[in-house]
Amino acid sequence: MSEPITVNQPSPAGGPNVAGGPNVAGGSTPIRERNFTKAIIIVSIAIPAAVAFLILVPQAKIDFGFNTRTLPLFHAILNSSTAILLIASLYFIRNGQVQAHRTANWIAVALSTVFLVSYVIYHASNPSTRFGDLNHDGVLSDAEKQQAGIMRYVYYFILSSHILLSGIIIPFVLFTLQRAYQRKFALHRKLAKITWPLWLYVAVTGVIVYVMISPYY
């Protein structure tokens, strides 16, 4: 997600330069220099908290008027598409294709946003699915646990790491995007070295989790 540093070009009439430099005529802070840290922190806390509440706190399920049971497959498609876009993004920037790199990242962000909304809709309208629950009664019997075997522990390890990193990745993605938007490319590159592998892991494990749990939907 890193981009080459560009040379600032002054804008006409003493306005903000292309990189969001100060306005020599005074006035409000140029938009590229604005700090969105508080907003990013609020979003980074609010989203995981809302999702955790939705999943963990018992509540009446909502009828959205359509079959939301098919959404997990849609989520897997979104995650796989995001993973492909992230790999493409890395390829583009390493080959100097800055605009393609930027476009791939923004599409990945858009798909992740759609995933989040769809994920909330799914869990607001369906009970949680348990790995190994062959008869779909929501209760895992000793026989079902025995049949699931060690794969149940593998599944929950992957799921736990996926969920944990899904929350952690939110501020990393937003701060990485902010640094690029502010044209602070040295900081952008430093953050991207952390953000990219974490984001890719979340996307790939999202697909793996779906493949493993799909027999029990």
Side-chain angles (χ1 to χ4, degrees), residues 39-87 89 104-141 144-145 147-148 151-174 177 195-217:
I40 290 174
I41 291 174
I42 291 173
V43 170
S44 300
I45 294 174
I47 292 177
V51 172
F53 176 83
L54 189 65
I55 296 175
L56 299 177
V57 177
Q59 55 190 302
K61 297 303 179 180
I62 302 171
D63 182 4
F64 288 96
F66 66 97
N67 183 17
T68 58
R69 297 287 294 178
T70 61
L71 288 178
L73 174 59
F74 177 55
H75 299 160
I77 294 172
L78 290 175
N79 277 317
S80 59
S81 299
T82 298
I84 293 170
L85 284 165
L86 291 174
I87 294 171
S89 168
N105 285 332
W106 278 114
I107 295 175
V109 169
L111 292 184
S112 296
T113 303
V114 172
F115 168 84
L116 177 62
V117 173
S118 183
Y119 185 84
V120 169
I121 291 174
Y122 174 76
H123 282 283
S125 56
N126 293 281
S128 296
T129 302
R130 305 188 67 179
F131 187 87
D133 185 14
L134 291 171
N135 60 5
H136 312 293
D137 64 352
V139 178
L140 208 60
S141 66
E144 287 174 327
K145 289 180 181 179
Q147 185 166 346
M151 291 306 298
R152 190 163 67 95
Y153 298 101
V154 174
Y155 168 78
Y156 281 113
F157 172 79
I158 296 174
L159 177 64
S160 298
S161 65
H162 171 78
I163 293 174
L164 177 64
L165 291 177
S166 292
I168 293 174
I169 195 61
I170 294 173
F172 276 96
V173 170
L174 295 178
L177 291 174
T195 303
W196 189 88
L198 289 180
W199 197 359
L200 183 65
Y201 179 86
V202 169
V204 171
T205 52
V207 179
I208 295 173
V209 165
Y210 169 75
V211 171
M212 294 185 73
I213 195 66
S214 59
Y216 308 108
Y217 280 126

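Throughout, residue positions are numbered sequentially from 1 according to the sequence presented.
- The two residues Gly206 and Asn79 make their nearest non-hydrogen contact at CA-ND2, 3.7 Å.
- In this structure, CG in Leu86 is found 7.0 Å from CG in Asn105, a value given to the nearest 0.5 Å.
- Minimum heavy-atom separation, Gly132 to Leu140: C-CD1, 3.3 Å.
- The line from CG of Leu116 to CD1 of Ile170 is 6.5 Å long, rounded to the nearest 0.5 Å.
- Partners of Thr113 under the side chain to side chain contact (heavy atoms under 4.5 Å, CB included) rule, at least two apart in sequence or in another chain, are Val109.
- Counting only distance, with no hydrogens or angles, the side chain of Trp199 and the backbone of Ile169 share no donor-acceptor pair below 3.5 Å.
- The CD1 atom of Ile77 lies 11.0 Å from the CG atom of Leu71; values are rounded to the nearest 0.5 Å.
- The shortest heavy-atom contact between Asn126 and Arg69 is OD1-CD, 2.8 Å.
- Side-chain contact check for Ile208 versus His162: every heavy-atom pair is 4.5 Å or farther apart.
- Going from atom CG of Asp133 over to atom OG of Ser141 covers 8.0 Å, rounded to the nearest 0.5 Å.
- Closest heavy-atom contact between Ser125 and Thr68: OG-OG1, 2.8 Å.
- The shortest non-hydrogen separation linking Leu111 to Ser81 is CD1-CB, 3.7 Å.
- A distance-only check finds no donor-acceptor pair linking the side chain of Ser160 to the backbone of Phe157 [under 3.5 Å].
- Between Phe74 and Ser118, the shortest heavy-atom contact is CD2-OG, 3.6 Å.
- Atom OH of Tyr153 has 12 or fewer heavy atoms from other residues, nucleotides or ligands within 6.0 Å.
- Atom-to-atom distance recorded for Tyr201:OH and Ser161:OG is 2.5 Å, nearest 0.5 angstrom.
- Residue pairs meeting the ring-ring contact (aromatic ring centres under 6.0 Å, His included) criterion with at least one member in residues 112-134, sequence neighbours excluded: His75-Phe115, Phe115-Tyr119, Tyr119-His123, Phe131-Tyr155, Phe131-Tyr216.
- Between atom OG of residue Ser166 and atom CG of residue Leu159 there is a gap of 9.0 Å, rounded to the nearest 0.5 Å.
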